[in-house]
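Taking it in order: structure first as structure tokens, then the write-up.
We count residues from 1, following the sequence as given. Note that this is a predicted model, so its numbers are computed, not measured.
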Amino acid sequence: MPTDHSSHIKPSQAIQLTSKQLYRKCELKELSTDCQSTAELTPLDDIVGQERAQQAVEFAMGIKEKGYNIYAIGQNGLGKRTMMLRYLNRHEPSDHSLYDWCYVVNFDDTRSPKVLRLGAGTGLEFKKAIEKLMLKLVKALPLAFDNEMYYARAEKLKSQLAQKQEAALTELSEEAKQKGISLSLTLQGDYQMIALNGEEPHDEISFTALTETERSQFESNINGLEVKLRNIIRQNTEWEEEFSDTQQEHDEQVAKDVLIYFFKPLKDKYKHQPEVRAFLTGMQADILDNLDIFLEESEEQLALAYASLEKKMPRRYQVNVLVCQGAHKFPIVVEESPSYHSLFGYVENATFRGTVFTDFSLIRSGSLHKANGGVLLMDAVKVLERPYVWDGLKRALRSRKLDLSSLEREVSLSGTISLAPEPIPLDVKIILFGDHETYQLLQHYDPDFSELFRVTADFEDVMDRTDASEAHYARFISSIVHDNNMLHCDRSAIARIIEYSSREAEDQQKLSLHSANVANLLRESNYCAKSAGSEQISVHDVEQALRNQEQRVSRLHDNIMQSFINGTTLINTHDKVVGQINALSVISTSDHQFGMPNRITATTAFGKGEVLDIEHRVKLGGRIHSKGVLILTAYLASVLGKTAQIPLTTYLTFEQSYSGVDGDSASMAECCAIISAISEQPIRQDIAITGSMNQFGEAQPIGGVNEKIEGFFDVCKIKGRSSSQGVIIPASNIANLMLRKDIVDAVEQGEFHIWAITHVTQAMALLLGKNAGGLSQEQSPNQEQYSPESIFGIAQQKLTTLRMLSKAD
């Protein structure tokens with residue numbers, strides 16, 4: 001049925017609330033009476049109260065296609081990360097494939113290291129196997145070239161070469177001798193031919209004494225022998241090259257026999273992994289090409305080749321295990337500080353004896369490498385804050401490859417030569433945690449975001465409070481206790497924490513899901529219990545923890561209450577005053593909020609029916625407050641100015657307010673103050689009121705109702721209690737009441753009152769002591785008439801008198 005707004009005055013009266021309506025106790029009806037503590041409760045496996053978010057996570061984890069990453073939305077303190085980790089740890093996917101990833105040298109291009117994919121948990125085993133192999137080869141290869149068989153074979157080859165060379169020279173020497181020429185070897189290693197005079201070499205005198213024909217014959221013979229000698233020298237060089245080749249083949253065959261022997265077990269072991277076998281074959285061939293690394297005796301010459309930071313073995317044959325996964329452990333990685341290097345890995349540089357170098361063994365893994373095959377959790381704001389991280393993450397998710405490129409090369413900060421490792425296939429789920437504002441910014445400004453993060457896990461702030469959900473929440477409390485190794489909570493402590501959660505949710509029918517607050521309360525209760533020597537956390541420990549929390553953050557509250565004690569802040573809680581009313585407001589700091597009464601005053605002067613909001617005029621009033629004033633102005637015009645303009649200007653202000661005022665929760669109080677000023681009927685100061693209103697005068701709910709009631713109750717204690725004091729609230733706020741015990745007790749004993757209203761006229765009846773008034777049955781066709789003894793009737797009479805006076809003037 002549509003609401004009938006034809007009559008502005010509602011006949012129903014304000015409802016006086018009972019003490020049972022002010023606080024909903026937790027009775028834990030769904031828990032067995034035998035269950036007396038969290039020790040007997042099974043910790044919660046699922047995400048408490050987050051069925052929608054949990055279904056989103058299950059969906060994202062079950063789908064393998066690209067782009068189904070998760071953005072978890074919710075306020076800070078909801079425990080999104082803790083709940084997500086608990087869920088992931090206890091719901092490991094059954095079909096995930098995990099691998100160890102290793103970088104090894106590319107024997108064809110050392111600047112482009114190759115990737116080896118090994119079974120999960122076998123990477124270190126392979127690395128150790130290669131190290132053992134290298135250590136054996138470092139010893140075995142030199143030994144293969146340091147034995148009698150090798151020396152005998154080498155000597156035989158040398159002897160054969162020497163015999164050939166000696167035979168050729170002997171033959172040439174005999175031929176020279178027959179021609180009277182001596183062939184000899186000088187100290188410098190050169191060959192020398194000298195003409196003989198019999199058995200002795202010719203001297204200058206004897207050679208000159210020869211005839212021209214004899215001398216020419218000698219020169220001709222010597223020239224011919226030199227030609228033959230050069231041929232022999234050339235032949236010797238060819239023989240030496242043949243010897244060297246034969247020796248090399250011999251050395252390679254010796255080394256090959258050793259390598260085949262040592263490599264065979266390893267190749268057999270990895271015969272079903274072609275990548276590993278290809279690497280072992282390449283290594284075997286490379287060792288043959290670099291035998292000098294194993295056989296060279298000069299440590300200085302080979303220092304760089306052995307400049308390992310770990311073991312005494314050639315660097316090029318190491319295995320760099322980048323990621324070693326547990327054989328069956330699903331990788332869940334939380335990256336607290338997602339910088340470019342921490343996320344994507346980096347390549348280190350090493351310095352050895354003044355030489356700076358880098359190679360594949362200096363490649364270091366990032367969080368994406370460690371989470372490959374699993375889940376990586378990060379804070380969205382931190383990802384966006386760090387340079388180049390967001391772009392790099394999008395690039396990796398789009399390509400589904402981890403390309404380890406140096407950040408310096410990306411931003412052209414360095415022209416030095418760097419490595420270009422082979423990319424690693426990427427199969428990871430990214431979970432970003434963030435608030436709604438960050439989510440909306442990414443959706444609006446980054447078209448790639450919705451493509452890569454297709455699943456939104458929207459975390460709730462509250463959950464319904466039922467008997468079943470209270471039992472569920474008790475298990476949630478048990479999981480916090482177990483996870484943090486605290487003392488167990490007894491049944492009364494569980495109930496009190498659930499009541500605290502309902503107070504945090506500001507709703508009797510809801511429970512707060514801000515798990516950080518619940519966990520903090522449990523930690524502090526645990527501290528109180530241990531300090532008192534208790535073996536369990538009781539309700540008294542929880543109450544003490546709450547008092548301690550209040551004490552730590554209540555400095556501003558105490559200072560403001562002191563201003564009421566010493567009279568600095570003016571407040572009246574006993575009398576009746578025209579145009580003055582006690583409204584209620586909430587003051588919030590970063591970690592605390594509390595209520596306090598504010599005096600609102602209204603005065604009138606001859607004018608044109610406007611309400612002059614002083615807060616707005618001096619720019620201390622916010623837009624919502626200004627809207628509330630305009631709404632109540634419209635209501636007043638509809639009540640008192642339907643047929644003629646209200647001939648008054650009303651001045652409205654918050655007394656002693658020197659900072660900004662915003663919100664519309666004082667609009668009903670302002671309306672009542674204005675009616676009091678127009679009608680000149682006094683308002684009770686022992687009653688405070690909170691609530692906003694619409695143009696029809698209907699009461700609308702407001703926030704912070706518990707704090708507002710408690711603030712007025714505390715000021716009443718300061719100014720002197722009386723049994724008539726109380727607070728008026730909108731009826732729609734009844735479900736939000738979770739008041740302090742002392743207020744509940746005062747209401748139960750009739751020493752304090754709380755009224756709930758649905759219309760502003762119900763408040764006027766309470767505050768002004770008269771009914772607001774209804775329209776008379778005998779009303780003039782030109783003017784609506786209210787009963788003369790009602791508030792509206794009195795106000796109407798005064799306005800009518802003013803109109804007549806203004807016309808007379």
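- For the pair N526/C528, no side-chain contact is recorded, criterion being any heavy-atom separation below 4.5 Å from C-beta on.
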Going through the distances and angles, do V715 and M596 end up as a side chain to side chain contact (heavy atoms under 4.5 Å, CB included)? CA-CA 8 Å; V715 171; M596 62 170 284; 5.7 Å; no
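- Looking only at atom types and distance, the side chain of Q700 has a donor-acceptor partner in the side chain of S692 under 3.5 Å away.
- A side-chain donor-acceptor contact under 3.5 Å links R547 and Q544.
- Within the 3.5 Å criterion, the main-chain N or O of K510 finds a donor-acceptor partner in the side chain of S502.
- In this structure, W390 and F453 have parallel ring planes: the angle between them is below the 30° cut-off, well short of the 60° mark.
- Between D446 and K394, at least one side-chain N (NZ, or NE/NH1/NH2) sits under 4.0 Å from a carboxylate O, which counts as a salt bridge.
- Taking every heavy atom of both residues into account, A505 and S512 meet most closely at CB-N, 3.6 Å.
- Heavy-atom contacts from other residues, nucleotides or ligands closer than 6.0 Å to CD of E40 number more than 12.
- More than 12 heavy-atom neighbours from other residues, nucleotides or ligands sit within 6.0 angstrom of CD1 on I63.
- H436 places a side-chain heavy atom less than 4.5 Å from the side chain of D458.
- Two residues are said to be in side-chain contact when any heavy atoms from C-beta on lie closer than 4.5 Å; Q325 and P331 meet this criterion.
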Can I702 and L584 be said to form a side chain to side chain contact (heavy atoms under 4.5 Å, CB included), step by step? CA-CA 11 Å; I702 42 82; L584 299 172; over 6 Å; no
Test side-chain hydrogen bond (donor to acceptor under 3.5 Å, both in side chains) on R496 and S538 and set out the steps. CA-CA 9 Å; R496 182 64 184 90; S538 68; over 6 Å; no
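- Side chain to side chain, D686 and T573 fail the donor-acceptor criterion of an N or O pair below 3.5 Å.
- The shortest distance between side-chain heavy atoms of L88 and I431 falls below 4.5 Å.
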Using side-chain hydrogen bond (donor to acceptor under 3.5 Å, both in side chains), reason through E460 and Q50 one step at a time and then give a plain yes or no. CA-CA 6 Å; E460 305 282 355; Q50 303 290 358; over 6 Å; no
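- Judged purely by atom type and a 3.5 angstrom limit, H482 uses its side chain to pair as donor or acceptor with the backbone of S478.
- Open room surrounds CZ on R52; 12 or fewer heavy atoms of other groups in view lie less than 6.0 Å from it.
- Using a 4.5 Å heavy-atom threshold, the side chains of V705 and E506 count as separate.
- When I689, N736, L17, I757 are each tested for a side chain to side chain contact (heavy atoms under 4.5 Å, CB included) with I729, only one passes: L17.
- Between R740 and D714 there is a salt bridge, with a side-chain nitrogen of the basic residue lying less than 4.0 Å from a carboxylate oxygen of the acidic one.
- With hydrogens and angles left out, the side-chain atoms of Y635 and S667 include no donor and acceptor closer than 3.5 Å.
- Remark: E336 CD to S367 OG distance equals 10.0 Å, nearest 0.5 Å.
- Looking at E710 and R503, a side-chain N of the basic residue comes within less than 4.0 Å of a carboxylate O on the acidic one, giving a salt bridge.
- Of the possible polar contacts, none joining the K80 side chain to the A72 backbone as a donor-acceptor pair under 3.5 Å is found.
- With 3.5 Å as the limit, one finds a donor-acceptor pair spanning the side chains of T761 and H759.
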Report the C-alpha separation of F594 and I587 in whole Å, then their side-chain angles, then the decisive distance to 0.1 Å, and conclude whether the side chain to side chain contact (heavy atoms under 4.5 Å, CB included) test is met. CA-CA 6 Å; F594 58 92; I587 295 177; 3.9 Å; yes
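- The residues K741 and E748 are annotated as not salt-bridged, no charged nitrogen and carboxylate oxygen being separated by less than 4.0 angstrom.
- Side-chain contact check for S492 and D490: at least one donor-acceptor pair (N or O, by modelled atom type) lies under 3.5 Å.
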Assess the residue pair R523 and N520 against the criterion (side-chain hydrogen bond (donor to acceptor under 3.5 Å, both in side chains)); give the C-alpha distance rounded to whole Å, side-chain angles, the decisive distance to 0.1 Å, and a yes or no. CA-CA 5 Å; R523 291 187 192 98; N520 289 337; 2.8 Å; yes
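- Within 6.0 Å of atom CD in Q749, more than 12 heavy atoms from other residues, nucleotides or ligands are found, so the atom counts as buried in its surroundings.
- The heavy-atom pair separating A669 from I600 by the smallest distance is CB-CD1, 4.3 Å.
- Side-chain atoms of S450 and Q443, non-hydrogen and from C-beta on, do get closer than 4.5 Å to each other.
- Between C671 and M693 the shortest side-chain heavy-atom distance falls below 4.5 Å.
- Atom OG of S501 sits about 4.5 Å away from atom CG of L511, to the nearest 0.5 Å.
- A donor-acceptor contact shorter than 3.5 Å links the side chain of T466 to the backbone of S469.
- No donor-acceptor distance shorter than 3.5 angstrom exists from the side chain of N372 to the backbone of L426, with no hydrogens or angles considered.
- Distance CD/E499 to CD/E504: 13.5 Å, rounded to 0.5 Å.
- Using a 30° and 60° split on the angle between ring planes, F476 and Y473 fall in the perpendicular class, above 60°.
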Step-by-step side chain to side chain contact (heavy atoms under 4.5 Å, CB included) determination, D461 to Q75: CA-CA 8 Å; D461 294 326; Q75 298 177 7; 3.5 Å; yes
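- Side-chain atoms of S531 come within 3.5 Å of backbone N or O of Y527 as a donor-acceptor pair.
- When only modelled atom types and interatomic distance are considered, Q508 and Y23 share no side-chain donor-acceptor pair under 3.5 Å.
- Ring orientation note: the planes of Y71 and Y439 are tilted relative to one another, at an angle of 30° to 60°.
- The shortest heavy-atom contact between L452 and L397 is CD2-CB, 4.0 Å.
- Using a 4.5 Å heavy-atom threshold, the side chains of M84 and L377 count as touching.
- Residue R552 qualifies as enclosed at atom CZ: its count of foreign heavy atoms under 6.0 Å is above 12.
- A side-chain donor-acceptor contact under 3.5 Å links Q725 to the backbone of S722.
- Between L487 atom CG and D541 atom CG the span is 8.5 Å, to the nearest 0.5 Å.
- With no hydrogens or angles considered, no side-chain donor-acceptor pair links Q593 and T589 at under 3.5 Å.
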Please determine whether salt bridge (Lys or Arg N to Asp or Glu O under 4.0 Å) holds for the pair E470 and R475, giving the CA-CA distance in whole Å, both sets of side-chain angles, and the decisive distance to 0.1 Å. CA-CA 9 Å; E470 285 183 352; R475 289 181 59 202; over 6 Å; no
Going through the distances and angles, do H753 and Q16 end up as a side-chain hydrogen bond (donor to acceptor under 3.5 Å, both in side chains)? CA-CA 7 Å; H753 311 277; Q16 186 164 347; 2.7 Å; yes
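- Heavy atoms from other residues, nucleotides or ligands lying under 6.0 Å from NE2 of H540 number 12 at most.
- Rounded to the nearest 0.5 angstrom, I477 CD1 and S37 OG are separated by 12.0 Å.
- The minimum heavy-atom distance between V389 and P338, with the atom names listed, is CG2-O, 3.3 Å.
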